[in-house]
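Comments concern the structure below.
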Amino acid sequence: MKSSHYPKLFTKGKIGNVVIKNRIVRNSMGTYLGNPNGTVTDRQIKAYAEAADGGAGLIFMDNATPVPMTSCGLRADKDEFIAGLSLLADALKEHGAVPAMQLAHPGRDAGFVGSADVIGASAITYEPWYQAGAKLPRALSVGEIHDLVHKFGDAALRCKRAGFEVLEIHGAAGCIPTNFLSPHDNQRTDMYGGSLENRMRFLLEIIRDVKQKCGPDFPVGVKLSTDDWEPDGIRLPETIKVCQELEREGVSHLNLMGGTHATASMEMLKPNAFNAGDTQKIKEAVHIPVFAGHNVFTPEIAEQLLEKNAGDFVALGRAFLADPAWAKKAQRNQAHDINPCINCLIGCMDRGLLANTPIHCTVNPTLYKYESNPYEPASVSKNIAVIGAGPAGCEAALVAASRGHQVTLYERRSFGGAMVEAAAPESKANIRRLTTYYEEHVTRSKNIKLEKKTATYADLVNQGYQAVIVAVGGAERKLDVPGINQDNVISAMDYLGGRQDVSGDDVVVIGGGVTGAETALELKAAGKQVTIVEMMDEFLASPAQSSLVYKIAIKQAQVKVLTGLRLQEVTTKGVNLVDRFGNITTLSATAVVTAAGFVPQTSLADKLEEQTDMDIYNIGDSERVRQIYDAVHEGFVVARQL
């Protein structure tokens, strides 16, 4: 079926001698849906079938290890695993996709997926990664290198026997070939270190072994980092040379990304399709198919990449977590119905891979949940009020309406709630797509009535509602210090929301959370001199990926950060700060921006609970201040209970 809207995206292509029905690749992402010993589960088979039903032409899901290892994926180190792998390949083929498998050894990063044996080219890793708890890798001997090469080849043959039609060697992101390719990680003095020719030797030997065992016509590609974003690491000019050499060795395709497991979270602050320039340069240097990707979330962006010749195929990962039917909806010209990835890394990374749990998605509470129909029609249609059109309220309203309930949604301001301010920085623009998605779907629903007003207690008790869902969000924490009401003091939310500007050139931001960091970066980009003041001893102490990203961004922007200090007073010339010992620090400033966090708003829900017989639910930040993930998932769960 052709697409008049995305003609290049839905044109057939070839990987080696395998015909792919369109130019959409579902990239490999560890799911943790398998058993801990690497064997296949029924839930995994359902996930593979669902992915194929979604319409992508070539599908990688989990990757497989060539050696015994506890990992987030599969194993292909023994013949006993072939049967389970064949069930996955069959599920993809029976649902219309070409089955592909990625072989991966996490190398220096193996400790993060539970392996006791952490190996690398040398006993070296990325310094911040090591400080975050990464185990120092053990340098492989030459004999161990040769043995591992053969194990890759044996595992590839097992994948071929299981029915996978395309294979890929993971040579990016910090996996074992990357450790050899990196001039920082590889400090060897033998035939596997030093020159680029030596550093790529290990990867080339893997390709030769795989091709020898699987045959010259079996498509074998490589995933590579165009640049690993680590000091003294892999850079594009060397990557281009590696790609050209891989082409000479007969690889079928090149799947390109940026960064490593340690640095890839920086993509949060990068623009959509930011890697297109690098992939285009590699495509111009080789004659085999190139997969373009990274921060590709919409069919429009994917089509543009193909039009600009930045790649022959477009590879997506997280977009298929947000909506497994991404490709099918695009082909049917239903892009507006695609549940949008907001590039937050919360469900997939913080609460998924890095938490050693099955992968989640902030905007898709149904991901890999096969226990029951998530939108089971309600046995009795109820009259329900939802207060607040933020992520919690919108999700609750839509799910409740889809189940047959009659919903009245109250919102005095605009759709999105605090997402409006959260999406103000251009690096967070993908959140705007979620706000638009909610608004379009709410206004289209026949079962939702929108009331553009503040819901009063009288409104709620006099309209015959059987249940009320309170999703009014959190309120900005107000600081009670002398001078806080001066004209030169504004809130971060007012600044990010465009309701108030910051005058002067020297600004102090009070609060070192994510909101404070985002505000500081926006002020710095506007030409201000910015100092962040955080009362805790550590700036951005949360282990979330966003904390690491903002720490790096704040350092690069040369924003000054002071910790262990509390705001004592705002003066006409600046601020007075005090530490735990009572010592005073004075900073001059023309403006003060408060980003002291948020507090829940429970009063309405409490009053309704105490004084009415309606079912009352308080969800999202109005119950407890957390993340968009919690708001969306709580809205979904509550609506299923009605």
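Looking at Ser547, its side chain does come within 3.5 Å of a backbone N or O of Ser542 through a donor-acceptor pair. Distance alone, capped at 3.5 Å, places no donor-acceptor pair between the Ser622 side chain and the Asn618 backbone. Judged by distance alone, with hydrogens and angles left aside, the side-chain atoms of Asn343 form a donor-acceptor pair with the main-chain N or O of Glu267 at under 3.5 Å. Asp62 places no side-chain N or O within donor-acceptor distance of the main-chain N or O of Gly73, the cut-off being under 3.5 Å. The backbone N or O of Arg351 sits less than 3.5 Å from a side-chain atom of His360, completing a donor-acceptor pair. A donor-acceptor contact shorter than 3.5 Å is absent between the side chain of Lys329 and the backbone of Pro324. Checked by atom type and distance alone, the side chain of Asn462 never pairs as donor or acceptor with a backbone atom of Asp459 at under 3.5 Å. With hydrogens and angles ignored, the 3.5 Å screen pairs a side-chain donor or acceptor of Ser28 with a backbone N or O of Met61. Using a distance-only test at 3.5 Å, with no hydrogens or angles considered, a donor-acceptor pair links the side chain of Arg433 to the main chain of Cys341. In this structure, the side chain of Asp494 does not engage the main chain of Ile490 through any donor-acceptor pair within 3.5 Å.
The shortest distance between side-chain heavy atoms of Thr612 and Tyr465 does not fall below 4.5 Å. Residues Leu398 and Val442 have side chains in contact (heavy-atom distance under 4.5 Å, counting atoms from C-beta outward). Inter-residue side-chain proximity for Pro299 and His5 is flagged as unmet; no heavy-atom pair is nearer than 4.5 Å. Using a 4.5 Å heavy-atom threshold, the side chains of Gln331 and Gln334 count as separate. A heavy-atom distance below 4.5 Å is found between the side chains of Ile24 and Leu316. Thr41 has its side chain out of reach of Ile45: every pair of non-hydrogen atoms, C-beta onward, lies at least 4.5 Å apart. Taking the side chain as every heavy atom from C-beta outward, Ile532 and Val559 approach each other to under 4.5 Å. When side chains are defined from C-beta on, Ile628 counts as touching Ile342, because their heavy atoms get closer than 4.5 Å.
Considering Asp630, Thr362, Val363 as possible partners of Ile346, the one that fulfils the side-chain contact (heavy atoms from CB on, under 4.5 Å) test is Thr362. Among Val508, Ile484, Thr519, the single residue meeting the side-chain contact (heavy atoms from CB on, under 4.5 Å) criterion with Thr594 is Ile484.
Between the side chains of Glu300 and Tyr6, a donor-acceptor pair is found at a separation under 3.5 Å. Between the side chains of Arg640 and Ser372, at least one donor N or O lies within less than 3.5 Å of an accepting N or O. Inspection of the His294 and Asn272 side chains reveals no N or O donor paired with an N or O acceptor under 3.5 Å. Side-chain polar atoms of Glu476 and Ser491 form a donor-acceptor pair below 3.5 angstrom. One side chain, Glu395 or Tyr438, offers a donor N or O that lies under 3.5 Å from an acceptor on the other. In summary, the side chains of Gln611 and Tyr457 do present a donor paired with an acceptor at a separation below 3.5 Å, with no hydrogens or angles considered. In this model, no donor atom of one side chain and acceptor atom of the other lie less than 3.5 Å apart for Asp323 and Asn364. Side-chain contact of Asn295 with Arg318: a donor-acceptor pair under 3.5 Å is present, judged by distance alone.
The number of heavy-atom neighbours closer than 6.0 Å to CE of Met266, taken from other residues, nucleotides and ligands shown, is above 12. In this structure, Lys449 places its NZ atom where only 12 or fewer heavy-atom neighbours from other residues, nucleotides or ligands lie under 6.0 Å away.
In summary, Arg499 and Glu421 engage in a salt bridge, as defined by a charged side-chain N under 4.0 Å from a carboxylate O. Ion pair Arg43/Glu50 not flagged as a salt bridge, since none of the NZ, NE, NH1 or NH2 atoms sits closer than 4.0 Å to an Asp/Glu carboxylate oxygen. For Arg626 and Glu634, the salt-bridge test passes: some basic side-chain N is under 4.0 Å from an acidic carboxylate O. With respect to Arg444 and Glu439, no salt bridge is recorded, no charged nitrogen being found less than 4.0 Å from a carboxylate O.
For Arg403 and Tyr375, the positive end is not near the middle of the six-membered ring at less than 6.0 Å and at most 45° from its axis.
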request  = Walk me through it: do Tyr48 and His95 pass the test side chain to side chain contact (heavy atoms under 4.5 Å, CB included)?
outcome  = CA-CA 9 Å; Tyr48 277 61; His95 289 261; over 6 Å; no

request  = Under the side chain to side chain donor-acceptor pair (under 3.5 Å) rule, what do Gln500 and Tyr495 come out as? Steps first, then yes or no, please.
outcome  = CA-CA 5 Å; Gln500 197 169 352; Tyr495 174 67; over 6 Å; no

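Ring geometry, Tyr629 versus His633: the interplanar angle falls under 30°, so the pair is classed parallel (tilted spans 30 to 60°).
The minimum heavy-atom distance between Ala517 and Leu540, with the atom names listed, is CB-CD1, 4.3 Å.
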